[in-house]
Structures are given as structure tokens and as C-alpha cells.
Amino acid sequence: MVTVGEVTAVADPADLDLAVALAERADQPSTWYGLGRRAAGPLAIVVVRGQRGFDAIARGRLPSWGAGLAVPRARVVAIRADAGDPFQILRHELAHVVLHGAVRGRVPLWFDEGYAAVAAGEFGRLAALELSLGVALGKVPSFTALNAQLRASSAEASTAYGLAATAVLYVARRHPTGSAEPFLERLAAGVPFDSALVLSTGLTIDRLEEAWQLDVKRRHGIGLWFLGTGIWIALGGLVVVATWLRRRRDAPRRAALDQGWVVELPAEEVAVQDGTSEPEPLDRAT
């Protein structure tokens, strides 16, 4: 265990250097989406390896694919050293700590995880939406269903995190300033989440959900999916079909070639193969 400023690093000896490096990063103030520049404050960072070690800390609160855990009230962050970029995981978990340290009251899971994804710059999760045919076909979940998907299988959660991030960004865009700051300032002042939404976006939670779903369908509809991803799948399928058709067309010709053609060799080559004469050397002495 090593203390760096206000952050304590906890790890087995083999991972202590990594834990200290993470603690040094966490101890530095940083700029957070909609919250400005601030430090995470007093914190303990625990670095573990393997599913068993992580489960011992998570205690069933996260699915098996989880790589990081933040418990803001306890001021604890746990990170798996063998589950991706630990510094990227740290940024995501610190975003949870900073958000809960800044606002008063509870926020729904979709906003909590969406904020962390945006604040950590996890654009890969947003890009995952471009690969989701389900989203392209208009299958956008409700906020309640989204909360469940965030704790579902790894594949389902990947899309859910991207959707949660778009919801947070949509809340910001609904304000005349296009910023998340007014909404987060209201939460920091103790305004309940649903009331802060109405004051910042002009929409109740139900109306916001409907408007966000329509926005996602517009931004990630089947047309855009086809242009961004589906066209390559379609082209790949055409190549496969064309190859199959050509092989089928050429099958009779290949069968005819396999009937055993007789190739007549020159007399001198026949003599060499029969052993009746010796071949001339490739290099002649002069």
C-alpha cells in the first residue's frame, strides 16, 4: 500500500507499480465534462488480477465482463489490471466518483454510465452504435430497459453504453446553450433529477425518452447503417456469391481437364527419362 497525495494505492507486489502510477494520475486535477476542472479527492485505488479477485471486491454487483468498479460513497475504485487499458478504465471510474461528488441526490444508471462514457472519451462505445443493426432498425430501448442492458451480456452492454452516452449528450443539446453544465449545476444545487430535466430541457422524463429515441433513430437509422457498415457487408456477400457462381459455372470445364490428357514429350526428353542417355550439364566448361 502506497499513498500518493490524497490517493492510496493498494495492490499485490507484482502490480504495486501500476497501482502507484494510477494513483498519481488520479491525484491530479482534471477537466470533466460539464463539471469543469476538479480533483477526485481522497480515494483508494485497488488493483487486482483475474475474475476471482475482482469478484471479491465487486460482490456480485457487476457482470463477469466488468473491468472496473467505483463505490463513490466509500471512496473506492477497483481496477482489473488484466482487462484492458487500466488508465482508460481509471478515467471511467473516476468520472463516477467526480459526478457523485458534485451532485446531490441520486441519478439513474443510464445517466451515471452515460456520463462516465462521455467524460472518459469512450468514443469507441459511440462508434459501436454504427455496427448495431438492432439500433439501425429502430429498436431503441426505454430508459428502464437500457438500465437492464447495461448489466447484461458484454455484447448487449457494448451497445447499451453507447446509447447511454447519446442520452447524456442529448440532454445537453436540449438546453439552449448546448451544454451539460446548466443541468449538472441544478443537480449540484439539490434539484431532483426529473425536475432538473424539465428546467433544463423543457421535457419530462417520459417526453425526453421519446424525443431521445427518435433522435437515435434519425442519427443511426438503417440508411446511415447501410452507408457506414452495411454496404461493406453487402459487398462482401456479393463477392462470395460471385465466387460461388463462377466455380459452379466452371465445374464442367475443370472436370474435363481432370480426365487425364496425354502430353507428348520431345524424343531427347523421353530418352533421358528412360535412362537411354545422359542429360547435358547445365554449365559447360570452356
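Excluded from the calculations below are hydrogen atoms, water molecules and symmetry mates; all remaining heavy atoms, backbone and side chain alike, are included. The residues of the chain are indexed from 1 along the displayed sequence. Please read these numbers as outputs of a predicted model, since none were measured by experiment.
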Colleague: Within a strict 4.5 Å, meaning less than it, do heavy atoms of the V47 and P86 side chains meet?
Modeller: no

Colleague: Are W212 and L199 connected, step by step, through hydrophobic side chains (Ile, Leu, Val, Met, Phe, Trp, Tyr) whose heavy atoms are closer than 4.5 Å?
Modeller: no

Colleague: Any chance you could lay out the side-chain contact (heavy atoms from CB on, under 4.5 Å) test for Y161 and E113, step after step, and finish with the verdict?
Modeller: CA-CA 7 Å; Y161 272 89; E113 293 294 355; 3.2 Å; yes

Colleague: Atom OH of Y170 and atom CG of L163: how far apart are they, to the nearest 0.5 Å?
Modeller: 14.5 Å

Colleague: Establish whether F54 and V10 are linked, either directly or via other cluster members, by ILVMFWY side-chain heavy-atom contacts under 4.5 Å.
Modeller: yes

Colleague: Where does the angle between the aromatic ring planes of Y115 and Y33 fall among parallel (under 30°), tilted (30 to 60°) and perpendicular (over 60°)?
Modeller: tilted

Colleague: Where do L99 and L184 land on the side-chain contact (heavy atoms from CB on, under 4.5 Å) test, with the steps shown first?
Modeller: CA-CA 9 Å; L99 175 65; L184 292 172; 4.0 Å; yes

Colleague: Are the side chains of T201 and F183 in touch, meaning some heavy atoms are under 4.5 Å apart?
Modeller: no

Colleague: Which value, rounded to the nearest 0.5 Å, describes the distance between E156 atom CD and R151 atom CZ?
Modeller: 12.5 Å

Colleague: Is atom CG of D194 surrounded by more than 12 heavy atoms (other residues, nucleotides or ligands) closer than 6.0 Å?
Modeller: yes

Colleague: Among L90, D27, I89, D15, exactly one meets side-chain contact (heavy atoms from CB on, under 4.5 Å) together with L22. Which residue is that?
Modeller: L90

Colleague: State the CZ-CD1 distance between R75 and I45, to the nearest 0.5 angstrom.
Modeller: 11.0 Å

Colleague: Please answer whether the main-chain N or O of S142 pairs with a side-chain N or O of E209 as donor and acceptor at a distance below 3.5 Å.
Modeller: no

Colleague: How many angstroms lie between atom CZ of R174 and atom CG of L169, to the nearest 0.5 angstrom?
Modeller: 14.5 Å

Colleague: Salt-bridge test for D215 and R173: reply yes if a basic N is under 4.0 Å from a carboxylate O, no otherwise.
Modeller: yes

Colleague: Starting at CD of E210, measure out to OG1 of T204 and round the result to the nearest 0.5 Å.
Modeller: 7.5 Å

Colleague: Do I205 and V168 land in one hydrophobic cluster if side-chain heavy atoms of ILVMFWY residues count as linked below 4.5 Å?
Modeller: yes

Colleague: Side-chain contact test, heavy atoms from C-beta onward, threshold under 4.5 Å: evaluate it for L18 versus F87 and give yes or no.
Modeller: yes

Colleague: Quick one: do V198 and L203 end up in the same hydrophobic cluster if we chain Ile, Leu, Val, Met, Phe, Trp and Tyr together by side-chain heavy atoms under 4.5 Å apart?
Modeller: no

Colleague: Keeping to residues at least two apart or across chains, list the salt bridge (charged side-chain N to carboxylate O under 4.0 Å, His left out) pairs with something in residues 76-104.
Modeller: R80-D82

Colleague: Less than 4.5 Å apart, side chain to side chain, heavy atoms only: is that true for R38 and W32?
Modeller: yes

Colleague: Work out which heavy atom in A9 is nearest to a heavy atom in A19; give both atom names and the distance.
Modeller: CB-O, 3.4 Å

Colleague: If you take all heavy atoms of A95 and A116, which pair is closest and at what distance?
Modeller: CB-CA, 3.7 Å

Colleague: Please report the shortest heavy-atom distance between T177 and P182, naming the atom on each side.
Modeller: OG1-CG, 3.9 Å

Colleague: Between CD of Q149 and OG1 of T159, what distance do you get to the nearest 0.5 Å?
Modeller: 8.0 Å

Colleague: Starting from V191, can I reach F193 by hopping between I/L/V/M/F/W/Y residues whose side chains sit under 4.5 Å apart?
Modeller: no

Colleague: Kindly determine whether Q88 and E122 satisfy side-chain contact (heavy atoms from CB on, under 4.5 Å), including the steps that lead there.
Modeller: CA-CA 8 Å; Q88 181 64 42; E122 295 174 352; 3.3 Å; yes

Colleague: Strictly below 4.0 Å, N to O, side chains only: are D55 and R52 in salt-bridge contact?
Modeller: no

Colleague: Sub-3.5 Å donor-acceptor pair from the side chain of E6 to the main-chain atoms of A40, do we have one?
Modeller: no

Colleague: If you look at every heavy atom in H175 and S179, which pair is closest and at what distance?
Modeller: CB-O, 4.0 Å

